[in-house]
Amino acid sequence: NTTTITDCDSYTWSVNGTAYTQSGTYTDVSTNASGCIETEILVLTINNSTTNTTTITDCDSYTWSVNGTTYTQSGTYTDVSTNASGCIETEILVLTINSSTSNTTTVTDCDSYTWSVNGTAYSQSGTYTDVSTNASGCTHTETLVLTINNSTSNTTTVTDCDSYTWSV
């Protein structure tokens, strides 16, 4: 008698109770009820389950192409499916999420202001940004909300005799 089996990872043959983990042709010879030789043949194909681990470090969020899920927290995530040979396929994502950072500074100054973040002198009110990379490799955004008040001047021409008292 010949039996052909395809299984995942291992197969226990009921004829002799042996567990096989490799493909091959196996034979069991015994005596049947009539006292004659009985030959059992097992033609076995073992397909293997697969496991793959991916380690990722990203900023703020990561979308895993395996399942399309977007993660915003560090952790270990698992997706189990069936591989091409019909066995279990386990995908493991070891994820580290680092965060972007930001800081806003509000300043009011006269005539001009030199921003220490980038060394630029500004003479007009406005909102200015400087984007760099923080210690964890993510975006750091500095924002300057600037109000510039302009100095004023006035010239007064006076002609007077002997003395003059300036009202200013």
Side-chain angles (χ1 to χ4, degrees), residues 1-107 113-122 125-147:
N1 183 35
T2 299
T3 304
T4 302
I5 296 288
T6 299
D7 209 348
C8 295
D9 302 321
S10 69
Y11 176 75
T12 301
W13 194 15
S14 62
V15 168
N16 62 10
T18 301
Y20 298 97
T21 59
Q22 294 187 359
S23 298
T25 301
Y26 301 95
T27 304
D28 183 82
V29 178
S30 62
T31 304
N32 66 18
S34 305
C36 298
I37 293 176
E38 180 177 350
T39 303
E40 291 282 343
I41 299 171
L42 172 63
V43 178
L44 180 61
T45 301
I46 293 292
N47 293 323
N48 293 311
S49 296
T50 53
T51 300
N52 182 49
T53 299
T54 303
T55 302
I56 297 287
T57 299
D58 210 345
C59 295
D60 302 321
S61 68
Y62 176 75
T63 301
W64 195 16
S65 62
V66 168
N67 62 9
T69 301
T70 299
Y71 298 97
T72 58
Q73 304 246 339
S74 297
T76 300
Y77 302 96
T78 304
D79 184 85
V80 179
S81 60
T82 303
N83 64 21
S85 58
C87 298
I88 293 173
E89 178 175 4
T90 304
E91 291 284 341
I92 300 168
L93 173 64
V94 179
L95 180 61
T96 302
I97 294 292
N98 293 324
S99 297
S100 294
T101 53
S102 64
N103 184 53
T104 299
T105 303
T106 302
V107 173
Y113 175 76
T114 301
W115 195 17
S116 62
V117 169
N118 63 7
T120 301
Y122 297 97
S125 297
T127 300
Y128 303 95
T129 58
D130 183 84
V131 179
S132 61
T133 302
N134 65 21
S136 61
C138 297
T139 300
H140 177 73
T141 304
E142 283 284 342
T143 302
L144 172 64
V145 179
L146 180 62
T147 301

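Computed over heavy atoms, backbone and side chain alike; hydrogens, waters and symmetry mates excluded. Positions are given from 1, in the same order as the sequence printed here.
- At least one donor-acceptor pair closer than 3.5 Å links the side chain of N83 to the backbone N or O of N48.
- For the pair T105 (side chain) and L144 (backbone), a donor-acceptor distance under 3.5 Å is absent.
- Residues passing the side chain to side chain donor-acceptor pair (under 3.5 Å) test with T147: none are found, sequence neighbours excluded.
- If you take CD on E142 and OG1 on T104, they are separated by 8.0 Å, rounding to the nearest 0.5 Å.
- For T133, the side chain to side chain contact (heavy atoms under 4.5 Å, CB included) test picks out no residue, with sequence neighbours left out.
- In this structure, D60 and S100 approach most closely via the heavy-atom pair OD2-OG, 2.5 Å.
- By the side chain to side chain contact (heavy atoms under 4.5 Å, CB included) test, C59 is found to be paired with C138, residues two or more places apart in sequence or in another chain being considered.
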**Prompt:** Between I97 and T72, does a side chain to side chain contact (heavy atoms under 4.5 Å, CB included) hold up when you go through it step by step?
**Reply:** CA-CA 7 Å; I97 294 292; T72 58; 5.7 Å; no

**Request:** In sequence, state the C-alpha distance, the side-chain angles, and the governing distance for T50 and N52, and then conclude on side chain to side chain contact (heavy atoms under 4.5 Å, CB included).
**Result:** CA-CA 7 Å; T50 53; N52 182 49; over 6 Å; no

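- Other residues, nucleotides and ligands contribute more than 12 heavy atoms inside 6.0 Å of the CD1 atom of I56.
- Y128 and W115 get closest at one heavy-atom pair: O-CH2, 3.8 Å.
- With rounding to the nearest 0.5 angstrom, the CD1 atom of I41 is 9.5 Å from the OG1 atom of T4.
- Looking at T54, its side chain never comes within 3.5 Å of a backbone N or O of L93 through a donor-acceptor pair.
- For the pair T18 and N16, the tightest heavy-atom approach, listed with the atom from each and the gap, is N-OD1, 2.9 Å.
- A distance of 8.0 Å separates CG in L95 from OH in Y62, rounded to the nearest 0.5 Å.
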**Prompt:** How far apart are the C-alpha atoms of I46 and T21, what are their side-chain angles, what is the distance that settles it, and do they pass the side chain to side chain contact (heavy atoms under 4.5 Å, CB included) test?
**Reply:** CA-CA 7 Å; I46 293 292; T21 59; 5.7 Å; no

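- To the nearest 0.5 Å, the span separating NE2 on H140 from CG on D130 amounts to 8.0 Å.
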